[in-house]
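The structure appears right after this line, and notes come after that.
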Amino acid sequence: MDSRQSATVLASGISFLDLPIGVYIVTPEGRFVECNRSVRRLLGLPLEGPLQASLSDMYADPKLRAELLRKAIAAEEIGQYLEKEIIPLRVNGRLVYVEDYCRPLRDQATNEIVGYIGCLVDITEEREAAEREHVLERKVEELTFDIGRILHANTSTLLMAQQTLDAVAEAISQRELKEVIATPSEELDEQLLKQAQGLAGAIEKLVGS
């Protein structure tokens with residue numbers, strides 16, 4: 001695509017370079033023909049002068065470009081643009097997320113695709129915020145699950161303790177009170193200790209499971 005064709009595509013009431021939204025034109029292979037300052041800032045490119053860079057080289061996943069171009073051509077066939085496609089780009093070692101709005105540019109004589117024109121919108125902050133929110137939601141879910149397990153364990157422990165103490169009380173009540181009174185304190189302590197040890201072991205096994 002020559003400069004005359006580019007000028008026709010870029011004709012507007014305001015300066016192309018100063019548009020507040022990022023606009024670019026690339027060859028079919030992805031090499032930049034032109035882009036305004038918004039795109040240059042976004043992609044870490046020189047703010048002035050010719051470009052020796054390719055958008056294709058910036059894809060975090062190189063395989064994604066071919067898929068997006070197929071979608072852009074399919075959209076063109078029904079009279080639409082490719083819209084709101086989220087692309088992860090690698091810019092100076094940093095992952096940048098953009099929304100891409102794109103359509104093919106065709107030679108009027110041959111109808112061949114001679115390039116692509118599109119807009120890039122930086123959504124990195126929104127994407128990172130959404131990811132942080134997702135991580136937080138997952139942590140809350142995990143915490144809720146853990147609390148549920150603790151409450152279940154505590155409830156089971158209290159139930160087990162109650163059942164054990166009831167059993168001890170029942171065992172004592174089945175004996176004549178005078179026998180209990182007559183039982184040496186050392187023997188009575190030993191019996192209760194055995195019950196307590198059994199309860200402690202059961203609780204430890206439950207909590208450790």
Not counting sequence neighbours, which residues clear side-chain contact (heavy atoms from CB on, under 4.5 Å) with Ala75? List them please.
Gln80
Going through the checks in order, is the side-chain contact (heavy atoms from CB on, under 4.5 Å) test met by Ser54 and Glu29?
CA-CA 8 Å; Ser54 173; Glu29 297 75 30; over 6 Å; no
Note, Leu43 side chain near Met58 side chain (heavy atom, < 4.5 Å)
yes
Listed once per pair and sorted, the salt bridge (Lys or Arg N to Asp or Glu O under 4.0 Å) pairs that draw on residues 79-94, sequence neighbours left out:
Lys71-Glu85
Separation of Ile117 CD1 from Ile25 CD1 (nearest 0.5 Å):
4.5 Å
Working to the nearest 0.5 angstrom, can you tell me the gap between Arg31 CZ and Asp57 CG?
12.0 Å
Give a yes or no answer on whether the side chain of Thr124 reaches the backbone of Tyr97 with a donor-acceptor pair at less than 3.5 Å.
yes
Considering all heavy atoms of both residues, which atom of Val91 and which atom of Leu42 are nearest to each other, and what is their separation?
CG1-O, 3.9 Å
Linking I/L/V/M/F/W/Y whenever any side-chain heavy atoms sit under 4.5 Å apart, do Tyr81 and Tyr24 land together?
no
side-chain contact (heavy atoms from CB on, under 4.5 Å) for Leu45 and Leu51? Distances and angles first, verdict last.
CA-CA 8 Å; Leu45 301 173; Leu51 295 173; 4.1 Å; yes
Could you tell me the separation between the CG atom of Leu89 and the CD1 atom of Ile87, rounded to the nearest 0.5 Å?
6.0 Å
List for me each residue that meets side-chain hydrogen bond (donor to acceptor under 3.5 Å, both in side chains) alongside Glu67, sequence neighbours excluded, and say none if there are none.
none
Do Tyr116 and Leu68 have side-chain heavy atoms sitting under 4.5 Å apart?
no
Out of Ile113, Val114, Leu82, which residue meets the side chain to side chain contact (heavy atoms under 4.5 Å, CB included) rule with Pro104?
Ile113
Would you call Glu48-Arg37 a salt bridge at under 4.0 Å N-O?
yes
Report the C-alpha distance between Val26 and Val33 in whole Å, list the side-chain angles of each, state the deciding distance to 0.1 Å, and finish with yes or no for side-chain contact (heavy atoms from CB on, under 4.5 Å).
CA-CA 5 Å; Val26 296; Val33 175; 5.7 Å; no
Listing, residues 59-66 side-chain donor-acceptor contacts under 3.5 Å, not counting sequence neighbours, or none:
residue : atom : partner : partner atom : Å
Asp61   : OD1  : Lys63   : N            : 3.2
Arg65   : NE   : Ser56   : OG           : 2.9
Arg65   : NH2  : Pro28   : O            : 3.4

Any residue meeting side-chain hydrogen bond (donor to acceptor under 3.5 Å, both in side chains) with Gln52, in chain and number order, not counting sequence neighbours
none
Residues that Val121 engages under side-chain contact (heavy atoms from CB on, under 4.5 Å), provided they are two or more places apart:
Ile21, Glu99, Tyr101, Ile123
